[in-house]
Structure formats: C-alpha cells, structure tokens
Protein chains: 2
Amino acid sequence: MAKVTIADIAREAQVSVTTVSRFINGNYGKMSQTTRDRIQQTVDRLEYRPSASARRMRQQSTHVVGVIVADISNVFSSLLFNGIYAELQPAGYDVMLMNSNNAIEQEHGEIDRLLSQEVDGLIIQPNSRRFATYEPIISSRTPLVMVDRETTDQPETVSKVVSDNEDSCRRLGETLADLGYENLVVVSRTRSEVSAQALRIAGLRRAAEERHMLMLTIEADSHDGDWLQREIGTTLDHLNGRTALISLMGPLLFDVLAVLRTLGIRYPQDIGLVSFDDWRWSQYVQDGIYLLEQDPQLLGRQAARNLLDQIRSRGDDKTGDPYAASQWITLPVTTVASPSV
Amino acid sequence: MAKVTIADIAREAQVSVTTVSRFINGNYGKMSQTTRDRIQQTVDRLEYRPSASARRMRQQSTHVVGVIVADISNVFSSLLFNGIYAELQPAGYDVMLMNSNNAIEQEHGEIDRLLSQEVDGLIIQPNSRRFATYEPIISSRTPLVMVDRETTDQPETVSKVVSDNEDSCRRLGETLADLGYENLVVVSRTRSEVSAQALRIAGLRRAAEERHMLMLTIEADSHDGDWLQREIGTTLDHLNGRTALISLMGPLLFDVLAVLRTLGIRYPQDIGLVSFDDWRWSQYVQDGIYLLEQDPQLLGRQAARNLLDQIRSRGDDKTGDPYAASQWITLPVTTVASPSV
DNA sequence: TTGTATGCGTTATCAC
DNA sequence: GTGATAACGCATACAA
C-alpha cells in the first residue's frame, strides 16, 4: 500500500486537491460544511497525514529549529534544552537536537546538516572561540542565538543569552575576602576551547587582586582523579592562611568531594568549599555546599523566545533582515549560602 | 539573494543538473577530474548546500529518527537520549527530540507530528498503558522501539528495551529479608499511567509475601513535601520491627531525604534506606545510599541499534516487513551496596 | 464555493 | 562521460 496523498483524498472525497489542501490548512472560510465533513471522514478513513517534506518545498518555512548543545549528558545541557523546548513546542516548532560533545569538528558537521535541513533557526552552545566559525550560518541568513558561552568578536547583530559569570564571581571573591579567606584555589574543567569558566576565573581574579588574595588555578581537564588529588593535596600543603576551594562547574564537584574525602580534608574547618551548579543535590552533603547557581531553563526559554522574535520579525516573505530582532541578554547567577565556607 | 540550487551550480559550472547531482551524491564513477574540480569550486564559491526537503521527496528515506522521552528534565531521559544519539549520529541519522512531559495527550500529538515528518523510525518512552494507542505507528509501517516502560498487550513484533525491574526488586526484597528487615515502606511517584515503578512494586511484593514481610506503599505522585512528611511519619510510627524505606525513582530521593532530615530519622540506625537511580551523587550523602541502578545510556544504545536493524532489514525499497528485526531486550539492574541498610 | 495547472529542488530513467 | 526530463506531494495563482 503506497503512501496516501492529497490526491487520494481528493478522489475519494470527490473534490479537488485544492479543496483538500485548504481543508488541511484550516482554511474553512469558503467551504460548505458538507464538503468539510466528507473530507474529514476520508482523511480519517485513509489515515492521511500531510507530508512535511512536500510542504516545505512549497513554503519558505520548515517549522523546524536546530539546537546544538555541548554535552547532553550534562544536566546543564538537558535543562537548557528543556527550556528551549518549552517555548518552541507550543509555538508549533519541531526541534532537531544535536550534541557536539564539546568537539569543534563535530559541531561544524552538525551545523552543516542543520542548514541542509533548512531549519528556521538555530540555537547553539558554541565550542569555538572565534565567531568566524559560525559565519556560514549568517550567510545563509538563518536566525541564530548563541547561548551560555561567549565567542570573541561576535557581532552585535547576533543574539547572545548568557549568565552573569564574571560579575557573580567577582562578588563571590569579595564575599570570601570579607569572610577572612586569604587564598583562592580554583578548580576548572573545560573540554572545549571556549567556556563560561574563563569568565568566572576572570571575575575571581579581579576580586583577588582588589582584595590582595592569592589565587591559584588547577585545570583538571581530562586528568584523572589521582592527578587531581595530588594537585589539590600539594597546593593546599603549600598555602598559609585560610583557603577557599572553588569548583567551577557542577560535575566537577563530584571529583573534588572524592579528593577531599580521601585526603581527610574537612570543610569548613580546614578549607572553605564553593561550587557552581549542583542541581539540587549538594544540600544533602553534610550541611550543604555554598553555591553559585545558574538557571539553565531560563537561559533556554530566553534564547528560544528571542529566536522566535527573529523568525517572526523577518516576515513571511523572508525578505526582511533576519537579525533585526537580535539581542544580548545576561541573566543573573544566584548565591545559595551554606555553611561550607 | 535567493537560495542556491543545483541548477545554479549547473549553470555556473557549465554542466547539467544531472552531473551536479551525481557529484553531490559521490557518484564520481563516470566523471572527468576536470568536471569534478569545476563543480567543487562552484559549490564552494556559492556555498551550495543540498536541500534535505527536496531529496526526501525523491527518496523513500528521510534519515531522520523521532524520539519521544517522558521528561527531559529528568536525568534518566537525558542519559537515555545520550545513548540513542551516540548510535544514531554516526550512522548518519538526525534526531527530532520531543518531550511528552508524561502527558498522554501531548504524546499523541507528537507522534502525529513525527509521522508527518515521515521519520525513518521512532523510539518512544511510552505514557499509555494500552498498546492500542500506538497502532497508528504500526499502520504507517514505521519502525518502532518502546523503551523503559512496558505497555500491556504489546505484540511481539514490536521491539521493547527495558530494565529488569521486577526481578531486581524481588532480589532486593530477599536481601532485605536476609538482613532482618520485617517491613518494607515503598515510596513511588508516577505522573504517567504507565511506569516502570509498577513492576518494581510487584517484585517487592512477591519477596514480601515469600518472606513474610509487611509491605506498604506510599504514592507521592503530585503531593507536596508536607504531605509526604506526614505520610512517612505516620507510617513509621505505627510499625513494629525493623523497617526499610525504598524510594522507587531517582528524583524522589531528594524529597525522601528532606523528610528524614526534618523528622530526625537516621539511617541505618532507625530505618534502612534504599533508592533507585541516584546518578552518582548519593555516595556523598553520609556514607552513601544503597542503590539499584539502571543504565539509561545502554538502554538508549540498544534501542537505537535495534531501530537501525529494523530500518536496514526492511531494505531500501521499503517493501520488506518493517518489523522483521524486532526484539525484546531486558537489561540488568545493578546493586550498589552502601551502609544505609 | 470549487477546480486546473504550475513549480518548489532533487533524483532516476532514459537517451546521446 | 554527460544531458534532458519526468516524477515526488503539496500550495497557490488563476479560472470558472
């Protein structure tokens, strides 16, 4: 049994394809109730379903949006997607989700595939530091929102939705100084050449300079737990005065806790402990961990809303400037104070 | 500047569209190196990208797979997707991801949309108890894999990939009996009419009967924390003998821990505590929580592999039986023993 | 209120 | 080796 087409419906319902097409698209304006009912019955009987591919050929819009996240197994990415989906689905857009796995090559291929799909818009958590990497998107005139991470030299005509990484970390540094901390040991893990963590380090560094704290960074990257343990152990051994240990991303906190447990280091007695983004669980670790929390769902929602604005503002004929509605949006980072500092 | 088509390339490169099409599809068999180079240059210069929609019209395959998960903000779903994507992407398939939000109505609409997209296959974490709900998929002859949850009366010709919920819970019950527990208090939370949790309860109930333990269930569903606290408090107050509290899903453990903290109930001193699926974090809660762990990524991988088998086995002409390669697969559940019991 | 005819960008079947 | 042309399923300008 071959695919049921609009022509089959027309024949069975004794009307023209035009009328069926109007019916499918809800243009009941000029259509007798009789015809309408008859078509409805035929559609149900034959289980007709319009071919999305065929409509796309005739229309300028696919009603599909592409999303590329850096690591879908990271809760951050999945909550980000959740927010995006919550906005796009009710608006009638389907989503193709891709996982760049923090790899710039992979991301490049995925952008290509999504552009080939002629998506109506693109939301990307980028892996490349240089905006030039994303130029093909611009020259295809596809609406675009960059989310979570910041590329250098991104034109103002391209949207960006990020957390207030630098400033929140500067304030964190000041708070720690106020509490009497003299050293900051910052643990980061980036698998991509661009990351929000760089801005967090910058913010902390500013605070450290202003308040005369010593600041050291440990880049865990792809090193294993033993490496991290040696690194943290040695660092703490050589520091005088009160030290705060800061984990710059959620999943890294797992590893840091493992190290502290093995080394028998207590918090807040021996050191102060701070982390980014724990996704709710760390409150049950001892008396809770001092946190800086982003709102990934809100990031996603804002990104999606802006994308929809772009898609709509260019007009149905697609002649308008696709980037007219672009915006740069910065969302706050929330502090959850706990006795771990 | 309008969209660049195959015709533009043909004109600029002084060849026919046929030749360009051959080039695009890598049929260099009969093509002079000169032509090949010239086309390549033109493609690069005009930034030509083939239209996926147009190809689909001519081919029987879209190379797009649809995935519907129950709740993408739950780590289970995102790891499931991760596994699925890890198999499909290298195989050249794009993925449309939808979130049914545990709502059967929503799911129904999403299936419809995906079938309209003429996806090559569908992976669903189902919300409906009755398989009949998914009949439209079968009559459209779309390859299908049901994952994580089991519907009643699902025909053997339709694939299913699930965890060994019932048996792992029976064994858990026996272990608890061996350890001297006399009562089981089981806390569940289902937002959908079908859930893996029902099978877990069944497994525990069998063990309770065999080993003469008392078993009570608390269905938290959409109740709030206060309700749960009253319910757990009252239940524990009325029980004599050693009691094990079992949380049947990962996120629920958050709420259970909150209750125990408020009520000042200690584990394993006052009660034994067991949970499903914590996603690594609960080891840092006191000395760790006794766990039953699924492997959502593996579930996803297996589901995707089977889907690919189905897609491939039906042959390119799509005349074969789409469900010839269907399978029922059950994956083991791992026990992580910790001193919380 | 309904119908006819054309084209969207691509691939496949022929021909040359 | 290469090219002309007919589909694929749908939406719409134009007719009636």
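This is a predicted model, so every value here is computed, not measured. The analysis underlying the following values was restricted to heavy atoms, covering all of them including side chains, and did not include hydrogens, waters or symmetry mates. Sequence lines set the chain letters: A, B, ... in the order given, protein chains first and strands last, and positions in each chain run from 1.
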Participant: Quick check with a 6.0 Å cut-off and a 45 degree axis cone: is A:Arg36 positioned over the face of A:Tyr28's six-membered ring?
Facilitator: yes
Participant: Does a side-chain N or O from B:Thr35 land closer than 4.0 Å to OP1 or OP2 of D:dT2, or not?
Facilitator: yes
Participant: Once you round it to whole Å, what is the distance between P of C:dG7 and CD1 of B:Ile6?
Facilitator: 19 Å
Participant: Roughly, in whole Å, what's the span from CD1 in A:Ile39 to C1' in D:dC10?
Facilitator: 15 Å
Participant: Take the protein atom CG of B:Asp8 and the nucleotide atom P of C:dG9, then report the distance between them rounded to whole Å.
Facilitator: 8 Å
Participant: Salt bridge between A:Asp71 and A:Arg191, side-chain N to carboxylate O under 4.0 Å?
Facilitator: yes
Participant: Considering only NZ, NE, NH1 and NH2 on the basic side and carboxylate oxygens on the acidic side, decide whether B:Glu118 and A:Arg49 come within less than 4.0 Å.
Facilitator: no
Participant: Is a side-chain donor-acceptor pair under 3.5 Å present for A:Glu156 with A:Ser326?
Facilitator: no
Participant: Do the side chains of B:Arg130 and B:Asp153 get close enough for a salt bridge, i.e. N-O under 4.0 angstrom?
Facilitator: no
Participant: With no hydrogens and no angle check, do the side chains of A:Thr18 and A:Ser21 hold a donor and an acceptor under 3.5 Å apart?
Facilitator: no
Participant: In whole Å, I'd like the distance from the CD atom of B:Glu118 to the P atom of D:dG9.
Facilitator: 8 Å
Participant: Rounded to the nearest Å, what distance is computed from the CD atom of residue B:Gln14 to the C1' atom of nucleotide D:dG3?
Facilitator: 14 Å
Participant: Run the salt-bridge test on A:Arg45 and A:Glu12 with the 4.0 Å N-O cut-off and return the result as yes or no.
Facilitator: yes
Participant: Do the side-chain N or O atoms of B:Thr19 get closer than 4.0 angstrom to the phosphate oxygens (OP1, OP2) of D:dT2?
Facilitator: no
Participant: Hey, does the side chain of A:Ser21 come within less than 4.0 Å of D:dT12's phosphate (OP1/OP2), counting only N and O?
Facilitator: no
Participant: Do NZ/NE/NH1/NH2 and the carboxylate oxygens of B:Arg314 and B:Asp321 come within less than 4.0 Å?
Facilitator: no
Participant: Looking just at side-chain N and O atoms, do B:Ser139 and A:Glu47 make a donor-acceptor pair shorter than 3.5 Å?
Facilitator: yes
Participant: Given atom CZ of B:Arg36 and atom P of D:dT2, what is their separation to the nearest angstrom?
Facilitator: 12 Å
Participant: Please give the angle, rounded to 10 degrees, between the axes at the start and the end of the helix from C:dT1-D:dA16 to C:dC16-D:dG1, where five pairs define each axis.
Facilitator: 40°
Participant: Under 3.5 Å, which N/O atoms of the protein pair with N/O atoms of nucleotides 13-16 of chain D?
Facilitator:
none

Participant: List in numerical order all residues of residues 52-62 of chain A for which some heavy atom is under 4.0 Å away from an atom belonging to DNA chain C.
Facilitator: A:Met57, A:Arg58
Participant: Just checking, any donor-acceptor pair under 3.5 angstrom between side chains of A:Asp37 and A:Gln33?
Facilitator: yes
Participant: Are B:Glu87 and B:Tyr93 close enough, and set up right, to give a side-chain contact (heavy atoms from CB on, under 4.5 Å), and what steps lead you there?
Facilitator: CA-CA 9 Å; B:Glu87 290 288 325; B:Tyr93 286 81; over 6 Å; no
Participant: Could you state the NE2-P distance from A:His63 to D:dC10, rounded to the nearest angstrom?
Facilitator: 17 Å
Participant: Is the phosphate of C:dG9 approached by B:Thr5 (side-chain N or O, under 4.0 Å from OP1 or OP2)?
Facilitator: no
Participant: Would you mind reading off the distance between B:Asn27 atom CG and D:dT2 atom P, rounded to a whole angstrom?
Facilitator: 13 Å
Participant: Do the side-chain N or O atoms of A:Tyr48 get closer than 4.0 angstrom to the phosphate oxygens (OP1, OP2) of D:dC10?
Facilitator: yes
Participant: Pairing donors with acceptors under 3.5 angstrom, does anything connect the side chains of A:Ser73 and B:Asn82?
Facilitator: no
